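The structure appears right after this line, and notes come after that.
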Amino acid sequence: MSTQPSHPARDIALIAVFAGVTAALGLIPPIYLPISPAPITAQSLGPMLAGAILGGRRGGGSILLFMAMVALGLPLLSGGRGGIGVFFSPTVGFLVGFVVCAFVMGWATYRVGAPYSIWKGLIITLLGGLLLMYLFGISGMMVAGHLSLSQALLAQVVYLPGDLAKAVIAVLIAKGVHTAYPGLLPWRGRGEAAGQGEASVHDQAEAGAASVADRVR
């Protein structure tokens, strides 16, 4: 049975790229509502994409890198927030949840393997993504925000429509990426045929690159 492909140089590049994607999503202004101490942001889409596309190790690593930069003081969170203080705020549960969700979603996605299924991907995103994120978010609001359980649960209601939309968007983007780059996901239960298929795609890519290089020369 195949495992998640490991190419150190490419892995580092992908981790950096998706840390950047998560940071870029923070440029969208947050929406603050009086019933919740945590704003509505687009940034939770980052961990969903990282997990669904990169897998547990690389996806979780990209969000860890992002959080490390935030802890160092870079204002990468939505609204220009950053610094170690954000990890003592009511949003700390969501920040921890980002990392856990990327790992869990990625592990489950790569466990299922190729070809990427929209329906399986959506189930993984809802259970390993949103549900876990909400559990951590509620815990953070209760501990750091001093909310009761009922208040923390009520606060999650405002996030639900947007988060469901982000889950669908993440799955559709992941489907497109895995269709275009089938080598990102390991094949499960496909035996030699899958390996030959991936090798064929790789060979075609190398042949195309060689052809372009020849034309340039």
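Residue numbers run from 1 in the order of the sequence given. Worth saying up front: this structure is predicted, and the values here are computed from it rather than measured.
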Worksheet entry | Linked, directly or transitively: V177 and W119 (ILVMFWY side chains, under 4.5 Å) | yes
Worksheet item: What residue pairs, at least two apart or across chains, pass salt bridge (charged side-chain N to carboxylate O under 4.0 Å, His left out) with a residue in residues 114-126?
Response: none
Fill in: Heavy-atom closest pair, residues A16 and L65
CA-CD2, 4.1 Å
Response to the item:
d(L135 CG, L130 CG) to nearest 0.5 Å is 11.0 Å
Item to complete: Answer yes if V96 and F88 sit in the same cluster of Ile, Leu, Val, Met, Phe, Trp and Tyr residues linked by side chain heavy atoms under 4.5 Å apart, and no otherwise.
Response: yes
Item to complete: Would you name the heavy atoms of L49 and A170 that are closest together and state the gap between them?
Response: CD2-CA, 3.7 Å
Discussion item. Within the 4.5 Å heavy-atom criterion, are V171 and I124 side-chain neighbours or not?
Written reply: no
Worksheet item: Are the side chain of T109 and the backbone of G106 linked by a donor-acceptor contact shorter than 3.5 Å?
Response: no
Discussion item. Within the 4.5 Å heavy-atom criterion, are P47 and I63 side-chain neighbours or not?
Written reply: yes
Discussion item. To the closest 0.5 Å, what do you measure between CG (L122) and CG (L172)?
Written reply: 8.5 Å
Discussion item. Restricting to ring-ring contact (aromatic ring centres under 6.0 Å, His included), what partner residues turn up for Y134, sequence neighbours left out?
Written reply: none
Discussion item. Quick check: do R58 and R10 have side-chain heavy atoms less than 4.5 Å from each other?
Written reply: yes
Fill in: Partners passing side chain to side chain contact (heavy atoms under 4.5 Å, CB included) against L64 (at least two apart in sequence or in another chain)
V99, F103
Worksheet item: L132 versus L127: any side-chain heavy-atom pair under 4.5 Å?
Response: no
Worksheet entry | Validation row: M141, Q156 side chains within 4.5 angstrom (heavy atoms) | yes
Fill in: P37 vs L147 side-chain heavy atoms within contact, under 4.5 Å
yes
Worksheet entry | Any donor-acceptor pair under 3.5 Å from T22 side chain to F18 backbone | yes
Worksheet entry | Contact summary for A50 and S62, nearest pair of heavy atoms | CB-OG, 3.5 Å
Worksheet item: What residue pairs, at least two apart or across chains, pass side-chain hydrogen bond (donor to acceptor under 3.5 Å, both in side chains) with a residue in residues 166-177?
Response: S44-K166, D163-K166
Item to complete: Give the intermediate values and the outcome of side-chain contact (heavy atoms from CB on, under 4.5 Å) for residues L164 and V168.
Response: CA-CA 6 Å; L164 290 174; V168 172; 5.9 Å; no
Cut-off 3.5 Å, no hydrogens considered: what does the side-chain donor-acceptor table look like for residues 68-81, sequence neighbours left out?
| unit_1 | atom_1 | unit_2 | atom_2 | d |
| --- | --- | --- | --- | --- |
| S78 | OG | I28 | O | 3.1 |
| R81 | NE | S78 | O | 3.1 |

Worksheet item: Which atom names give the shortest non-hydrogen contact between L25 and A42, and what distance separates them?
Response: CD1-O, 3.8 Å
Worksheet entry | Any donor-acceptor pair under 3.5 Å from S36 side chain to L33 backbone | no
Worksheet entry | Distance (rounded to the nearest 0.5 Å) between I118 CD1 and I123 CD1 | 12.5 Å
Worksheet item: Which heavy atom in G128 sits nearest to a heavy atom in V104, and how many Å separate them?
Response: CA-CG1, 4.1 Å
Item to complete: Specify the closest pair of heavy atoms between P30 and P39, including all atoms of both residues, with the distance to one decimal.
Response: CB-CB, 3.7 Å
Response to the item:
d(S89 OG, I84 CD1) to nearest 0.5 Å is 11.0 Å
Item to complete: Carefully, step by step, assess Y159 and F94 under the rule ring pair (Phe, Tyr, Trp, His ring centres under 6.0 Å).
Response: CA-CA 12 Å; Y159 305 132; F94 290 104; 5.7 Å; yes
Discussion item. Side-chain heavy atoms nearer than 4.5 Å, only ILVMFWY residues, links allowed to pass through others: does that put W107 and M48 together?
Written reply: no
Worksheet item: Is the number of heavy atoms from other residues, nucleotides or ligands under 6.0 Å of Y181 OH greater than 12?
Response: no
Fill in: Other ILVMFWY residues reachable from I138 by side-chain steps of under 4.5 Å
M142, L149, L153
Discussion item. If I take atom CG from residue L95 and atom CD from residue Q43, how far apart are they, to the nearest 0.5 angstrom?
Written reply: 8.5 Å
Worksheet item: What about V17 and I169, same hydrophobic cluster or not, with Ile/Leu/Val/Met/Phe/Trp/Tyr joined at side-chain heavy-atom distances under 4.5 Å?
Response: yes
Fill in: CD1 on I35 to CG on L154, rounded to 0.5 Å
5.0 Å
Practice prompt. Without swapping roles, check the side chain of H178 against the backbone of A52 for a donor-acceptor pair under 3.5 Å.
Written response: yes
Worksheet entry | Side chain Y110, main chain L184, donor-acceptor under 3.5 Å | yes
